[in-house]
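Any value given below was found using the heavy atoms of this structure, including those in side chains, with hydrogens, waters and symmetry copies removed.
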Amino acid sequence: MDREKGAGSISECFFCIWHVQGGTSQAQNSIEIRAKPVGQAAVIHLVKGDVQLTEDVQACFMLNLYRSITMKTRTPELKTRWQQRFLACGVTWTQMASLNPDRGLAGSNRSGVLQLYAWDIPTGNLRPLTDYPTGKMMGYLSPDGSHVYYLKDEGSNEIGHYVRVPFEGGPEEDITPNLPPYASYSITASGDSSRLLLLAAAQDGFKLYMMDIGQKDKPGEPRLIHQTKSLLQDVHLSSNGQTAVVVSTELSQKLFTNLLAIDADSGIKIAELWDGGETSLQGCTFSPMAGDQRVLATTNRSGFERPLLWNPHTGERRDFDFKELDGDVTPCDWSPDGRYLLLQNIHQARQQFYLFDLQEERLIKLDHPCGTYTSFSGYGTYFTDKNEIITNWQDATHPAQVIALDMLTGRKTRTVMPGADVPPGQPWKAVTFPSSDGTMIQAWLAVPQGQGPFPTILHTHGGPTGVMTESFDPQAQTWLDHGFAFLTVNYRGSTTFGKDFQNQIVGDLGHWEVEDVEAGLKWLIANGIADPARILKTGWSYGGYMTLMCLGKLPEYFAGGMAGIAIADWSLMYEDQAPTLRGYQVALFGGTPETHAGQYRKSSPITYAENVRVPVLIIQGSNDTRCPVRQMKAYLEKMKKLGKQVDIHWFEAGHGSMKIEEKIRQMQIMLDYAYHVLGE
């Protein structure tokens, strides 16, 4: 419909004409709305010529009238606006060589595809190191700055061999040519760059390999120092390379982790550390001081993450309670002189940095900008040798940029690499609401200009062991541009809300998360934010899984759903997925499909396919080993046999695309779907 003229809201409108597209003439297809005031309200009549239309037809026209007022018409100008945000190239993370602080490594999509770049820190220049068609997300720079390491895989399937290239550039060198292909997400070097430690996962389990760097800077043959069927995660080496520490699930056999220290020469176990029960130890960083065997890690035995220092050789342990702080407190880095710890406090999905002076036993709150900071295992946020902290910062309306903070105050001192200029967007607001059992759930809300209720996007993040913070999200801002409200929920299973909150879903996936989404739906409707007839569910990875689960378990709430790189059948996924994720899945469920068949069925969206009432859009990677193809094809086949409306867009990559062009294409597909489903 095209509105010819009108005034104010429906209750104030006394005369306006709408032209129905099609027909022989405008006069024959004009619908006149006549509003007659009755008391404080207005009685609406739709007439065509002198004939008053039936109540059903009137209702249809009024619904479309309401939709046209609250959803924005898609114009070329609006399309240019939202695409500019996707085209905003920048740096997603950085790393600095601790022994050669003039050299750094960065991930950037400045070429249109996320790739690795050598970063000359004094000049700020970025030089491309990789040029993979599907992109390269992560790499590792040795402490001496000589080489960059990354997993060379096929089409982003995350299975292959580690290779290295010189920092100055050059051909790739396979460092494990005699090993069969493996999955891995963890490689590290000793502080003196004399040794490498890598984690390799294959069908027969998880293995740790040690490699010595020879006198001619050549890596030696990999030596197997540990293997297990249980899930292994982050690997770490002491400064001299004599001690290896890995995060393991061998003691719990579930998703609760311990630290395992191993002699790097013999492979003999030195010590294990675990707090028992449903607790986990995570996040290791060895002391930067030569000869210091202490490990900086975290434990959640108090209910929230707190730092600790552990010497696996002596058994000495020191815990930092920081009772004055709410939420998780996790270490980001250890200063080069060993005096300071850089700590990150996350409470209700908001980040705050602190400095802890080990010498004076003093906690210092840093005065930094609000927003989201990239910080994981020496990437994104770290000390320099110039009394600065380098960090990657963003918020809901500002793309990622690299900034420097004063080490002792936290105040921003300079912009190291600026973010791209983008059109203005809508800020996010933190909200909370009670779930079905009274647990308070945190979420981020953004609303478009105007008055609600709005068509609404309900989003859930991936993981599940992740958290949504106030970040720059081109998808969210695109929905807001088009008149949608946007709510993203930190459901049960999310990190940083305490171990009980995070662990509640273990062994019972898809239950409490769905309860929390339903609570968010009810809150949106009760507060007049969401139009109950126009709520769409979306999310990627575990968020895509949540989308399919919600459409099957809460079918009455949604007008449609858009699931990206999703899980549809946990049992088939177990059979086909990469070994790294298989171990994680077993830890989440507490067993395999053979030992926990009933729970695998209960937790799989394919079980609830017959309940789905609305059209479903799926966007899936054809080379994904995390959420493999076969399990999604089984879901599609079942949906079609049931006569359900389901469409799929396959893209040529693994678990998500790193190409800007493909991200724009996917956003356009979702917009077209949303407007079609909502009758626009």
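Heavy atoms from other residues, nucleotides or ligands lying under 6.0 Å from CG of N125 number more than 12. By the neighbour-count criterion of 12 heavy atoms within 6.0 Å, atom CD of E360 is densely surrounded, having more than that number from other residues, nucleotides or ligands. Within a 6.0 Å sphere centred on CD of E661, heavy atoms belonging to other residues, nucleotides or ligands number 12 at most. More than 12 heavy-atom neighbours from other residues, nucleotides or ligands sit within 6.0 angstrom of CE on M407.
Under the 6.0 Å distance and 45° angle rule, R362 does not count as a cation-pi partner of Y340.
Note: Y149 and Y140 have tilted aromatic rings, judged against thresholds of 30 and 60 degrees for the angle between ring planes.
Each of F356, F304, Y354 was compared with F322 under the ring pair (Phe, Tyr, Trp, His ring centres under 6.0 Å) criterion, and only F356 meets it.
There is no side-chain donor-acceptor pair under 3.5 Å between Q426 and Q477. If you check the side chains of T372 and E470, you find no donor sitting under 3.5 Å from an acceptor. Side chains of D473 and S471: no donor on one and acceptor on the other come within 3.5 Å.
Residues satisfying the ring-ring contact (aromatic ring centres under 6.0 Å, His included) test with F86, not counting sequence neighbours, are W82. Under the rule for a side-chain contact (heavy atoms from CB on, under 4.5 Å), the partners of D153 that lie at least two apart in sequence or sit in another chain are K136, N157, E158.
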Only pairs under 3.5 Å count here: list side-chain donor-acceptor contacts from residues 485-493, not counting sequence neighbours, and write none if there are none.
unit_1: T488; atom_1: OG1; unit_2: H459; atom_2: ND1; d: 2.8
unit_1: N490; atom_1: OD1; unit_2: H461; atom_2: NE2; d: 3.4
unit_1: N490; atom_1: OD1; unit_2: M468; atom_2: N; d: 2.8
unit_1: N490; atom_1: ND2; unit_2: Q442; atom_2: OE1; d: 2.6
unit_1: N490; atom_1: ND2; unit_2: M468; atom_2: O; d: 3.1
unit_1: Y491; atom_1: OH; unit_2: H461; atom_2: O; d: 2.9
unit_1: Y491; atom_1: OH; unit_2: H461; atom_2: ND1; d: 3.4
unit_1: R492; atom_1: NE; unit_2: D516; atom_2: OD1; d: 3.2
unit_1: R492; atom_1: NE; unit_2: D516; atom_2: OD2; d: 2.9
unit_1: R492; atom_1: NH1; unit_2: D437; atom_2: OD2; d: 3.1
unit_1: R492; atom_1: NH1; unit_2: T439; atom_2: OG1; d: 3.4
unit_1: R492; atom_1: NH1; unit_2: Q504; atom_2: OE1; d: 3.0
unit_1: R492; atom_1: NH2; unit_2: S435; atom_2: OG; d: 3.3
unit_1: R492; atom_1: NH2; unit_2: D437; atom_2: OD1; d: 3.2
unit_1: R492; atom_1: NH2; unit_2: D516; atom_2: OD1; d: 2.8

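Contact of the S335 side chain with the L342 side chain is not registered, since no non-hydrogen atoms from C-beta on lie closer than 4.5 Å.
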